[in-house]
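One structure is given here, and the rest of the page talks about it.
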Protein chains: 2
Amino acid sequence: MTVTLADVAARARVSPATVSRVLNGNYPVAASTRERVLRAVDELDYVLNGPASSLAAATSDLVGILVNDIADPFFGIMAGAAQTEISGQEGSGRAGGEKLAVVCNTGGSPGRELTYLTLLQRQRAAAVVLTGGALEDPDHIAAMAAKLAKLADAGTRVVLCGRPPLPGSEAVVAALAFDNRGGGRRLTEHLLALGHRRIGYVAGPPERTTTRHRLEGHRAALAAAGIDEDQSQVTVHGPYARRSGYDATLELLRRDPDLTAIVAANDTVALGACAALRDQGLRIPEDISVAGFDDLPFSVDAVPALTTVRLPLHEAGARAGRLAMGNEAPPPGGIATIGAELMARASTAPPRKG
Amino acid sequence: MTVTLADVAARARVSPATVSRVLNGNYPVAASTRERVLRAVDELDYVLNGPASSLAAATSDLVGILVNDIADPFFGIMAGAAQTEISGQEGSGRAGGEKLAVVCNTGGSPGRELTYLTLLQRQRAAAVVLTGGALEDPDHIAAMAAKLAKLADAGTRVVLCGRPPLPGSEAVVAALAFDNRGGGRRLTEHLLALGHRRIGYVAGPPERTTTRHRLEGHRAALAAAGIDEDQSQVTVHGPYARRSGYDATLELLRRDPDLTAIVAANDTVALGACAALRDQGLRIPEDISVAGFDDLPFSVDAVPALTTVRLPLHEAGARAGRLAMGNEAPPPGGIATIGAELMARASTAPPRKG
DNA sequence: CTGTTAGCGCGTTCAC
DNA sequence: GTGAACGCGCTAACAG
């Protein structure tokens with residue numbers, strides 16, 4: 001039924017071992033033999049049996065990329081860059097020694113995250129890239145650290161991209177962490193410099209590193225400016241979604257109608273915030289300023305163009321891909337912090353005098 | 001080093017076969033035995049060897065989802081829905097009989113598309129879902145048809161989602177095609193009803209089914225309204241990207257400054273078009289109307305809100321996932337057309353008199 | 001309900 | 001430079 005290595009060997013009048021050698025290209029083979037084998041492969045339309053070769057070699061060419069939300073370009077950009085770096089730019093359809101780079105959508109669920117890791121472990125994946133913020137629940141952290149240690153132990157390269165180093169797991173090849181705290185601080189400093197004092201904050205889901213770090217940066221800037229009031233009144237948490245920005249903004253306005261600026265957990269949330277403000281008849285930035293985070297492609301096209309913090313998602317993803325392939329030396333200590341740059345645009349302006 | 005089925009069997013004082021049976025849950029096993037085995041699995045932290053079991057069973061739990069651009073929510077939404085349907089909503093980290101749903105980013109390259117299919121074939125994937133428009137190059141169509149036939153032959157379920165049925169391949173379980181032609185026609189009819197007569201069109205890349213069908217719908221509406229001039233003057237092709245919409249719009253304005261409306265290949269392109277128009281000092285929709293396609297989440301938040309055509313991406317992806325799992329009966333003839341609904345919003349209005 | 005026996009298809013020592 | 005033999009870890013018949 002299905003053609004095997006032995007069939008190819010018979011047709012090429014060589015031994016199975018030789019066929020294996022030309023296919024893997026790791027041993028010297030006479031040019032004439034190699035050609036004969038390749039021809040037989042073509043004529044028979046032979047496709048290597050992945051499971052069999054993985055079993056025999058005790059490794060596979062699978063590389064998993066985990067994302068929290070595949071419908072969010074934040075993850076799509078990183079994953080795409082990593083995948084390109086791993087699978088190679090072009091493809092002939094032949095499929096030589098390529099890796100199979102593959103993205104897995106956890107939906108932000110810790111259970112699914114662990115399940116995917118187990119599934120990848122089961123496949124003896126060559127590498128795993130974890131993108132985006134992590135959940136800070138102690139149980140989950142412990143479970144993740146244990147799982148990653150086991151993966152690393154089995155020879156799987158583990159790379160973190162846009163995620164802070166996991167406490168208690170030195171099993172990781174490299175962690176590329178975004179400077180969310182610094183970015184958050186600079187963004188709020190920008191607002192403070194414009195003269196804002198009453199700033200609402202639409203935060204991401206609690207217990208996520210990304211959420212916490214951005215919020216900490218925000219509050220650090222406020223504290224440095226001598227704004228010491230309790231911020232919990234003007235902070236609302238919610239998922240990283242447009243809808244959340246919309247609802248939270250209405251809530252913030254209800255709590256404090258005198259806010260002169262709103263900082264959102266990310267650009268998507270900021271867009272929802274803008275919609276809510278418009279629906280309330282408020283003009284941006286004349287009546288109220290808005291800022292986001294990430295600088296996703298659509299942010300520059302928003303009206304008004306969104307002030308935000310740029311994260312080099314593409315570069316980070318590509319670098320993670322290279323690290324996963326072993327094509328780049330890990331940073332010193334295995335940890336690199338990736339800068340976050342303020343992009344001041346039209347959605348922020350000085351508050352109204354009055 | 002790594003613990004195997006035999007280790008578990010020894011610890012549970014049963015035969016390897018029994019362990020296999022409780023793990024796969026396909027044979028009756030005494031409750032007491034099953035519990036003993038499960039405990040041993042836990043104590044030993046055993047993880048099934050995927051390649052070995054795939055080899056023995058001649059099937060795998062891998063399901064591939066191919067997308068043209070993972071950074072584009074159009075694909076992200078479909079892929080996410082399909083993946084959820086396949087992998088299940090929740091996850092305990094245990095990984096029982098779950099499938100490993102996995103998305104592969106072709107970047108729109110035919111070579112990479114074939115490479116990924118070969119890689120999935122090599123893994124003996126349980127199913128493959130192809131999303132989005134297809135390339136119309138005859139060679140590529142033939143190669144794809146052959147490849148899909150071979151996959152189907154090897155027991156892999158093939159499902160098309162948002163892609164028209166492949167001519168010459170009846171190997172496909174089901175094809176869910178979007179009504180791009182109908183949607184395109186209704187959109188342009190809407191513009192015509194508003195009074196527009198000079199309409200520019202920013203098309204997608206040539207030789208893509210999606211591009212062609214949307215354009216055909218557009219032109220069908222024009223023809224039905226008696227507008228028979230050569231449309232090639234007011235049509236510009238480009239990738240499905242923001243930048244393309246920007247550049248193409250400038251080009252269209254140069255060719256015909258009297259355009260009263262611009263139809264874009266999709267919402268992302270439409271956003272770029274809007275940016276270009278604003279940069280030219282034109283107001284939307286007072287000076288010129290703009291329309292997109294897909295109704296991605298951000299489109300309703302654009303300013304002004306974007307008139308577009310809604311595609312039920314989530315539903316289509318979920319259905320494709322169910323079809324891939326064999327959890328839903330294929331439509332009659334294996335082909336279903338999915339409706340596209342006009343969403344008339346603020347970015348379109350009657351043209352200026354004068 | 002459970003143990004025994006064979007392979008699944010390939011990579012990898014060894015010899016030659 | 002090439003072939004022969006063995007085993008990777010598991011599932012699928014068969015018994016019993």
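None of these values were measured; they are calculated from a predicted model. Below, chains carry the letters A, B, ... as their sequence lines are ordered, and counting in each starts from 1.
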Using the side-chain heavy atoms of [X], tell me which of these nucleotides is nearest: [options].
X: B/V14; options: C/dG3, C/dC8, C/dC10; value: C/dG3
X: B/A52; options: D/dG9, C/dC10, D/dG1; value: D/dG9
X: B/L48; options: C/dT4, D/dT11, D/dC8; value: D/dT11
X: B/A30; options: D/dT2, C/dC1, C/dG9; value: C/dC1

Q: Pick base, sugar-phosphate or nothing for A/L5, based on heavy-atom distances below 4.0 Å to the nucleic acid.
A: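 Contact class for A/L5: sugar-phosphate only.
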Q: For B/T33, answer base if it contacts any base atom (sugar-phosphate contacts may also be present), sugar-phosphate if it contacts only those atoms, and nothing otherwise; contact means non-hydrogen atoms under 4.0 Å.
A: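 Sugar-phosphate only.
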Whole Å only: how far is the [atom1] atom of [X] from the [atom2] atom of [N]?
X: A/D7; N: C/dC10; atom1: CG; atom2: C1'; answer: 13 Å
X: B/R124; N: C/dC10; atom1: CZ; atom2: C1'; answer: 11 Å
X: A/R34; N: D/dT2; atom1: CZ; atom2: C1'; answer: 14 Å
X: A/R13; N: D/dG3; atom1: CZ; atom2: P; answer: 11 Å
X: B/N49; N: C/dC10; atom1: CG; atom2: P; answer: 16 Å
X: A/D61; N: C/dC10; atom1: CG; atom2: P; answer: 14 Å

Q: Let me know, please, whether B/L55 or B/S15 comes out on the 5' side of the other along DNA chain C by nearest nucleotide.
A: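 Looking at the nearest nucleotide for each, B/S15 comes out on the 5' side.
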Q: Would you mind telling me which residue lines up with the more 5' stretch of DNA chain C, B/V29 or A/V47, judged by nearest nucleotide?
A: B/V29
Q: May I ask you to test the A/M325-A/R322 pair for a side-chain heavy-atom distance under 4.5 Å?
A: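 A side-chain contact under 4.5 Å is absent here.
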Q.
Please identify which of these residues, A/L117, A/V159, A/V172, meets the side chain to side chain contact (heavy atoms under 4.5 Å, CB included) condition with A/L130.
A. A/L117
Q | Distance (rounded to the nearest 0.5 Å) between A/R124 CZ and A/T156 OG1 | A | 8.5 Å
Show the atom names and distances, to 0.1 Å, of all donor-acceptor pairs under 3.5 Å that link a side chain in residues 4-21 of chain A to residues at least two apart or in another chain.
{"from": "A/T4", "atom 1": "OG1", "to": "A/A6", "atom 2": "N", "distance (Å)": "3.2"}
{"from": "A/D7", "atom 1": "OD2", "to": "A/T4", "atom 2": "N", "distance (Å)": "2.8"}
{"from": "A/R11", "atom 1": "NH1", "to": "A/E43", "atom 2": "OE1", "distance (Å)": "2.5"}
{"from": "A/S15", "atom 1": "OG", "to": "A/A17", "atom 2": "N", "distance (Å)": "3.4"}
{"from": "A/S15", "atom 1": "OG", "to": "A/T18", "atom 2": "N", "distance (Å)": "3.3"}
{"from": "A/S15", "atom 1": "OG", "to": "A/T18", "atom 2": "OG1", "distance (Å)": "3.3"}
{"from": "A/S20", "atom 1": "OG", "to": "A/N24", "atom 2": "ND2", "distance (Å)": "3.4"}

Q. Side chain to side chain donor-acceptor pair (under 3.5 Å) with B/D45: which residues, sequence neighbours excluded?
A. A/K150
Distances for protein N/O vs nucleotides 12-16 of chain C N/O pairs under 3.5 angstrom?
none

Q | Intermediate values then yes/no, side-chain hydrogen bond (donor to acceptor under 3.5 Å, both in side chains), A/D153 and A/Q121 | A | CA-CA 11 Å; A/D153 211 56; A/Q121 177 182 10; over 6 Å; no
**Q.** Derivation of the side-chain contact (heavy atoms from CB on, under 4.5 Å) call for A/L114 and A/M144
**A.** CA-CA 7 Å; A/L114 282 168; A/M144 285 292 286; 3.8 Å; yes
